[in-house]
Amino acid sequence: MDIERLKTDILILGAGGAGLFAALHALKADPDLDVTVVAKGLLGKCGCTRMVQGGYNVALNPGDSVERHFMDTIEGGKWLPHQELAWTLVTRAIERVQELENEIGCFFDRNPDGTLHGKAFAGQTFDRTVHKGDLTGIEIINRLMEQVWARPIRRLEEHRAVALIPANDGALSGVLLIDVRSGEFRFIAAQAVLLATGGGPTMYRYHTPSGDKSMDGLAMALRYGLPLRDMEMVQFHPTGLLAGPDTRMTGTVLEEGLRGSGGHLLNGAMQRFMGDYDPKLERATRDVVSRAIYAEMRAGRTTRNGGVYIKMSHLGPARVAKEFKGMVDRCRDCGFDLAGGLVEVVPTAHYFMGGVVCRVDTATERHGLFVAGEDASGMHGANRLGGNGVANSTVFGGIAGDTMPRWIAANPGHREPDHHVLDAELARAQHPFGQAPGDLNALREKLLDCMWHDVGVVRDRSSVERGLKALDGIEAELLATGVADSDRRFDLTWHDWLNLRSLTEISRVIALAALKRENSRGAHFRSDFPEPGELATSTFTVARQGANGVNISASPVQFTHVKPGETLIRDALAAE
Amino acid sequence: MTVRLYLWQRATAAVMVPLVLLHIAVILYVSRQGLTAADILSRTHGSLPWASYYALFVAAASIHAAIGVRNVLTEWSPLGERGAGWCALSLGIALALLGFHAVVALVLM
Amino acid sequence: MPAELSVALWRGAEDGRYETYRVPRRESQTVLDVVSFVQRHIDPTLSYRFACRVGVCGSCAMTVNGKPRWTCRTHVAKVAGDGRLEIGPLENLPVIKDLATDMQAFFEKWQRAKGVFEPSRTRLDAIEEIRPDSPARRAADAAIECINCGVCYAACDTVRWNRDYLGPAALTRAWTLVNDERDAGVAARLQAVAAAGGCHACHSHQSCQELCPQALNPTAAIAGLKRRTLAAYLKGEIEP
Amino acid sequence: MIHRLSGLALAIFLPVHFFVLGLSFHGGARLDSVLRWTDQPPVKLAEGGLVFLLTVHLLGGLRVLAIENFAWSDGQKQLATLAAAASAIVAFVFLVRVF
Ligand SMILES: Cc1cc2nc3c(=O)[nH]c(=O)nc-3n(C[C@H](O)[C@H](O)[C@H](O)COP(=O)(O)OP(=O)(O)OC[C@H]3O[C@@H](n4cnc5c(N)ncnc54)[C@H](O)[C@@H]3O)c2cc1C
Ligand code: HEM
Ligand code: SF4
Ligand code: F3S
Ligand code: FES
């Protein structure tokens with residue numbers, strides 16, 4: 001098949017916080033480089049960075065310290081984080097927030113005296129979350145987007161990456177893309193490629209991320225042979241909106257502050273149930289509340305649509321309407337009265353801690369491929385702190401942008417693609433056109449239910465094994481279900497098919513990793529192994545595509561900065 | 001539309017506000033009594049205040065209308081900025097000439 | 001609540017036409033859900049754009065019963081009391097296919113209005129202390145929640161009539177930056193928005209303000225720019 | 001839109017108005033004919049229409065000037081509609097009174 005070929009120096013897959021920061025830094029490091037950004041939707045208007053509500057964790061305010069931020073991250077991550085990565089995250093976040101504010105133009109909220117405001121976020125010992133109201137992501141991504149538009153950076157909007165194409169020696173040669181608008185293929189050869197497609201666990205019945213996210217990046221990385229870490233770690237947010245199966249609104253997140261400021265959770269019998277699970281009631285951490293709601297659901301004490309209620313009205317409808325204007329408006333737009341009535345909620349898949357194994361400078365195992373943002377792994381371990389998500393994507397996106405030009409200077413030149421792989425990938429992406437069209441929706445529903453019930457908030461060996469079997473069936477059915485090859489231009493149904501394929505493949509890795517971890521840490525809860533296990537001998541899972549499927553191994557966590565039972569905070573205090 | 005044109009158009013509009021109000025008042029007043037040319041002439045003839053009043057009005061209206069028409073033409077006709085500019089300029093000049101002619105007629109005749 | 005909706009959707013590019021579909025009415029149903037239903041269950045070739053599905057990305061704007069709206073946050077009950085919907089692509093932008101438009105011009109004008117921050121400090125400097133209640137800081141909030149959905153751009157007559165007109169969103173962004181004490185590019189920005197096609201082309205029709213889903217007020221922001229540029233012109237700070 | 005059309009119509013009719021005024025007062029000899037001429041209903045209507053247009057345009061213009069130059073209050077939208085309604089009424093009253 002004849003396809004268009006283009007060449008660029010640096011190719012960035014994804015236009016979220018990670019991708020856009022990488023583009024800006026790369027161009028600044030070497031303005032002679034040709035930098036290209038690929039986005040599945042419109043630049044800056046897709047992905048999850050835009051959806052950030054809460055804010056950005058940074059140890060900037062007096063009284064806070066990077067050590068404190070670091071310890072919160074490690075303890076929140078249940079001692080599984082890669083400590084060098086976590087340390088880089090918390091230390092570099094300072095410079096990154098200053099860059100966002102001083103150079104990119106974000107206007108974060110201030111205290112009355114003019115200093116930067118830090119708000120409280122669950123699971124942290126200091127109010128360090130910098131924000132712009134409760135729409136922080138819009139401010140961050142819009143400002144980044146403007147800066148990218150203002151520069152000679154090539155934009156390939158509405159282009160979908162489908163495969164990482166190696167050269168004959170295994171180093172990366174370039175990336176195969178589909179131009180969504182024209183439906184045509186393009187191969188872009190690049191000296192360095194950044195994978196920043198932003199994870200996003202949208203294979204669960206209820207999920208928060210943007211509709212364009214379907215784990216394509218991790219699926220591509222897996223096929224390319226890269227190791228994936230912590231794949232069992234899916235973070236659920238306890239309060240996703242539940243509005244029935246017929247609306248895309250279902251699953252979207254209602255902010256944590258609702259619980260924090262005194263909202264009550266009621267089950268279908270109108271009883272406040274959190275007391276049965278945790279003395280902190282609704283203010284318990286995300287994972288605890290998610291599991292409690294899930295338990296109520298399993299016990300059948302549910303609302304009409306199968307969730308629980310959140311009730312705010314006892315705080316005074318007027319106060320709620322004022323304090324949570326965004327959330328109240330959002331609920332009203334889909335027909336619910338959050339301030340005065342009851343709104344149905346359900347735990348919802350929110351963030352993916354797993355991802356490609358990488359080094360502190362964002363390099364991966366393969367020559368020429370770098371990774372940043374939610375596609376990368378190790379920074380958060382078993383749990384991501386609210387506010388560490390954008391910090392992660394912007395800090396490491398920037399580092400990738402600094403690293404790639406240096407790497408190119410040391411390893412110049414483009415590499416010829418392996419034509420066998422290229423041809424195979426072309427055929428793979430067009431697979432559905434060779435099959436009889438079928439019901440993709442039923443298949444999607446099956447996948448969502450399978451992951452939700454069997455590999456979701458609470459898992460055990462038998463449920464995961466059941467899930468794996470179901471996944472095999474779903475994959476086989478998917479491969480036999482086609483898409484009519486009538487008009488490939490802006491063919492959402494073709495892309496739905498491709499999304500499902502990526503999701504199914506990564507779902508299997510999640511299930512396998514969940515089977516491997518026989519303890520319960522953070523976001524991963526095995527009802528057959530409810531204990532966290534020995535912290536000092538903690539291991540993390542690594543998944544890798546083998547000849548006969550995906551292999552999962554366990555590697556010991558290196559406690560390079562701090563060991564379980566120790567803390568850096570006291571040292572920091574003593575040093576002051 | 002640029003700042004300069006904007007300034008002139010809005011400034012002339014502001015100037016015309018009292019002028020037009022007065023104008024309308026006069027019209028209402030005289031139209032009650034039956035408007036005749038003789039009435040008008042007797043009122044305006046040889047009167048410097050009326051002369052300057054109408055002259056100012058004509059000047060403001062010419063500038064204002066020319067800029068206004070220029071905007072309308074750029075937006076609604078295929079003329080483009082330049083063509084619209086010329087059309088509007090001619091209109092403005094025509095308005096001014098006719099207007100001053102009328103003023104002269106009213107005051108001096 | 002009717003059991004079924006009669007939904008006319010624009011099919012094709014500029015030279016397309018409306019085609020009618022019957023979609024079951026559901027209690028919780030947004031206009032985006034209606035469009036998705038058609039693509040998922042009736043005609044898989046339907047093209048449209050969305051991303052966040054909760055009103056933050058501004059990808060999903062379409063013309064709904066004659067008015068531009070964000071479809072993911074527009075409940076069917078709000079716009080189709082009689083069970084009829086006519087959904088087309090946004091106006092004033094080229095149609096790519098069906099309900100998806102090409103937003104390139106919208107963002108190019110954003111740049112032409114110098115809607116991009118010009119730094120006065122670097123990442124190594126501390127963050128500037130700015131009191132949140134100062135008038136300039138408040139004025140700078142004008143565009144801060146803009147999701148660049150293009151609804152205002154599609155609603156504005158001046159955009160339709162004047163190809164050069166920068167449009168409400170870009171100008172509102174410029175107004176925010178003009179009030180941003182940290183910004184170092186104010187003079188050039190005032191110059192840019194005072195040129196032909198700039199803020200003075202706005203006729204204060206207010207459709208932008210009426211329809212902005214984020215309840216922003218571009219009309220007021222543009223009026224602010226008109227005054228600010230006029231003052232700058234009178235002081236000789238910018239060329240006409 | 002009404003503002004625009006009224007402005008345009010004004011711009012078209014004003015030259016005629018000026019022309020007629022200028023022409024008709026050229027020399028007292030034609031005074032009589034002019035007198036008779038202005039009494040004719042069509043002319044009266046046209047002149048009345050001009051006044052109407054002027055009023056409408058004035059009020060529309062005041063609205064624009066107000067939006068552009070005064071601070072925005074929250075009730076701005078209602079204010080704008082109110083102004084529009086008021087201008088319609090006033091214009092109508094004028095029209096009636098002119099005849
Ligand atoms: C509702 C919500 C609220 C959140 N709130 C917070 C918060 O308050 N604080 C916090 O720290 N974190 C928060 N997060 C997490 C945070 O948003 C993400 O972790 C972070 O933004 C990820 O950035 P990224 O650049 O890696 O990915 P994204 O911003 O998701 O960008 C991914 C990009 O890759 C593109 N892409 C995907 N697949 C392909 C493909 N195949 N080809 C080409 N391009 C592709 C996408 O279109 C997109 O442009 C929240 C997430 C959600 C969903
Ligand atoms: C009563 C005094 C007047 C005031 C307050 C006034 C005010 C205005 C304003 C503010 C505008 C700009 C509208 C916009 O940009 O949308 C305008 C436009 C215009 N005016 Fe006037 N005006 C007055 C008298 C006149 C007169 C006497 C004429 C005719 C000779 C006239 C002709 C026009 C035209 C043609 C336009 C352009 C219409 C448009 O762009 O929509 N105006 N006027
Ligand atoms: S100003 Fe409002 S309508 Fe216009 S792009 Fe921004 S959010 Fe959309
Ligand atoms: S609709 Fe258009 S004309 Fe001005 S006030 Fe809004 S930009
Ligand atoms: S899909 Fe993002 S605003 Fe509607």
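Chain naming here is simple, since letters A, B, ... match the order of the sequence lines and numbering starts at 1 in each.
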side-chain contact (heavy atoms from CB on, under 4.5 Å) assessment of A:F107 paired with C:R137: CA-CA 9 Å; A:F107 217 148; C:R137 176 65 190 85; 3.3 Å; yes

Full working for side-chain contact (heavy atoms from CB on, under 4.5 Å) between A:L135 and C:Q214: CA-CA 11 Å; A:L135 295 174; C:Q214 291 286 71; 4.0 Å; yes

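For C:A77, no part lies under 4.5 angstrom from a heavy atom of chain A. Contacts between C:C52 and chain A at a heavy-atom distance below 4.5 Å involve backbone atoms as well as side-chain atoms. Neither the backbone nor the side chain of A:I141 comes within contact range of chain C, judged by heavy atoms closer than 4.5 Å. Both the backbone and the side chain of C:R73 come within contact range of chain A, each with at least one heavy atom under 4.5 Å from a heavy atom of that chain. Using a 4.5 Å cut-off between heavy atoms, A:D113 touches chain C through its backbone atoms (N, CA, C, O) alone. Within the 4.5 angstrom heavy-atom criterion, only backbone atoms of A:C106 (N, CA, C, O) approach chain C. With a 4.5 Å cut-off on non-hydrogen atoms, A:D439 does not touch chain C at all. Proximity to chain C (any heavy atom under 4.5 Å) is restricted, for A:I138, to the side chain, taken from C-beta onward. Contacts between C:D183 and chain A at a heavy-atom distance below 4.5 Å are absent for every atom of the residue. Both the backbone and the side chain of C:Y48 come within contact range of chain A, each with at least one heavy atom under 4.5 Å from a heavy atom of that chain. Heavy-atom distances place the side chain of A:K132, and not its backbone, under 4.5 Å from chain C. For C:S134, no part lies near chain A; criterion is any non-hydrogen pair under 4.5 Å. If you measure heavy-atom distances from A:R143 to chain C, the contacts under 4.5 Å come from the side chain alone. With a 4.5 angstrom heavy-atom cutoff, A:R444 touches chain C only via side-chain atoms. Contacts of C:K78 with chain A are absent, with no heavy-atom separation under 4.5 Å from either backbone or side chain. Using a 4.5 Å cut-off between heavy atoms, A:Q53 makes no contact with chain C at all. There is no contact between A:V180 and chain C, counting heavy-atom distances below 4.5 Å.
A heavy-atom distance below 4.5 Å is not found between the side chains of C:R40 and A:T493. A:R248 has its side chain within reach of C:S36: a pair of non-hydrogen atoms, C-beta onward, lies under 4.5 Å apart.
Taking both residues in full, the closest heavy atoms of A:E103 and C:P119 are given as CA-CB, 3.7 Å, listed atom of the first, atom of the second, then distance. Between C:S28 and A:C334 the shortest heavy-atom distance is OG-O, 4.3 Å. C:V56 approaches A:R50 most closely through the heavy-atom pair O-NE, 2.7 Å. A:C46 and C:A51 make their closest contact through CA-CB, 4.1 Å (heavy atoms, listed as atom of the first residue, atom of the second, distance). For the pair C:P132 and A:G114, the tightest heavy-atom approach, listed with the atom from each and the gap, is CD-N, 4.3 Å.
For A:D333 (side chain) and C:T74 (main-chain N/O), no donor-acceptor pair under 3.5 Å exists by modelled atom type. In terms of modelled atom types and a separation under 3.5 Å, the side chain of A:R330 and the main chain of C:G55 share no donor-acceptor contact. Between the side chain of A:K45 and the main chain of C:I147, a donor-acceptor pair closer than 3.5 Å is present. The backbone N or O of A:T208 sits less than 3.5 Å from a side-chain atom of C:R53, completing a donor-acceptor pair. No side-chain donor-acceptor contact under 3.5 Å links C:R123 to the backbone of A:N102. The backbone N or O of C:D33 sits nowhere less than 3.5 Å from a side-chain atom of A:D246 that would complete a donor-acceptor pair. Proximity of a side-chain donor or acceptor of A:Q98 to a complementary backbone N or O of C:D125 within less than 3.5 Å is detected. In this structure a side-chain-to-backbone donor-acceptor pair under 3.5 Å is missing from A:R110 to C:E129. Under a 3.5 Å cut-off, the side chain of C:R121 and the backbone N or O of A:E99 do not form any donor-acceptor pair.
C:F107 does not carry A:R155 over the face of its six-membered ring by the limits of under 6.0 Å from the centre and within 45° of the normal.
The CH2 atom of A:W494 sits 14.5 Å away from atom OG1 of C:T45, with the distance rounded to the nearest 0.5 Å. Taking CD of A:E139 as the reference point, atom SG of C:C146 lies at 11.0 Å (rounded to 0.5 Å). Going from atom CG of A:L492 over to atom CZ of C:F50 covers 7.5 Å, rounded to the nearest 0.5 Å. For the atom pair C:I127 CD1 and A:L116 CG, the distance stands at 4.5 Å (nearest 0.5 Å). Here CH2 of C:W110 is found 6.0 Å from CG of A:N142. Values are rounded to the nearest 0.5 Å. Here the straight-line distance linking atom CZ of A:F490 with atom NZ of C:K97 works out to 8.5 Å at 0.5 Å rounding.
Counting heavy-atom pairs under 4.5 Å between each of C:E118, C:E128, C:E108, C:E145 and chain A puts C:E128 at the top. Residue with the most contacts toward chain A among C:M103, C:E27, C:H41, C:Q39: C:Q39 (heavy-atom pairs, distance under 4.5 Å). Ranking C:A140, C:A126, C:S120 against chain A, the residue ahead of the rest is C:A126, based on heavy-atom pairs under 4.5 Å. With chain C as partner, the option from A:A150, A:G47, A:G244, A:G335 having the largest number of non-hydrogen pairs under 4.5 angstrom is A:A150. Counting heavy-atom pairs under 4.5 Å between each of A:E95, A:K213, A:R488, A:R332 and chain C puts A:E95 at the top. Most heavy-atom pairs under 4.5 Å with chain C: of the set A:M145, A:R96, A:E157, this distinction falls to A:M145. In terms of heavy-atom pairs under 4.5 Å with chain C, the best-connected choice from A:G326, A:G41, A:G211, A:S486 is A:G211. Comparing A:A243, A:G44, A:G133 by how many heavy-atom pairs each has under 4.5 Å with chain C, the most go to A:A243. In terms of non-hydrogen atom pairs under 4.5 Å with chain A, the most contact-rich of C:D180, C:D133, C:T30, C:L124 is C:D180. Counting heavy-atom pairs closer than 4.5 Å to chain A, the top residue among C:Q111, C:K114, C:H75 is C:Q111. When the candidates C:R26, C:R173, C:Q104 are compared by the number of heavy-atom contacts under 4.5 Å with chain A, C:R173 comes out ahead.
Chain A is approached within less than 4.5 Å, heavy atom to heavy atom, by C:C57, C:G58, C:S59 from residues 57-64 of chain C, ordered by number.
With sequence neighbours excluded, no residue forms a side chain to side chain donor-acceptor pair (under 3.5 Å) with A:T91.
Counting heavy atoms of neighbouring residues, nucleotides and ligands inside a 6.0 Å radius, atom NZ of C:K67 does not exceed 12 of them.
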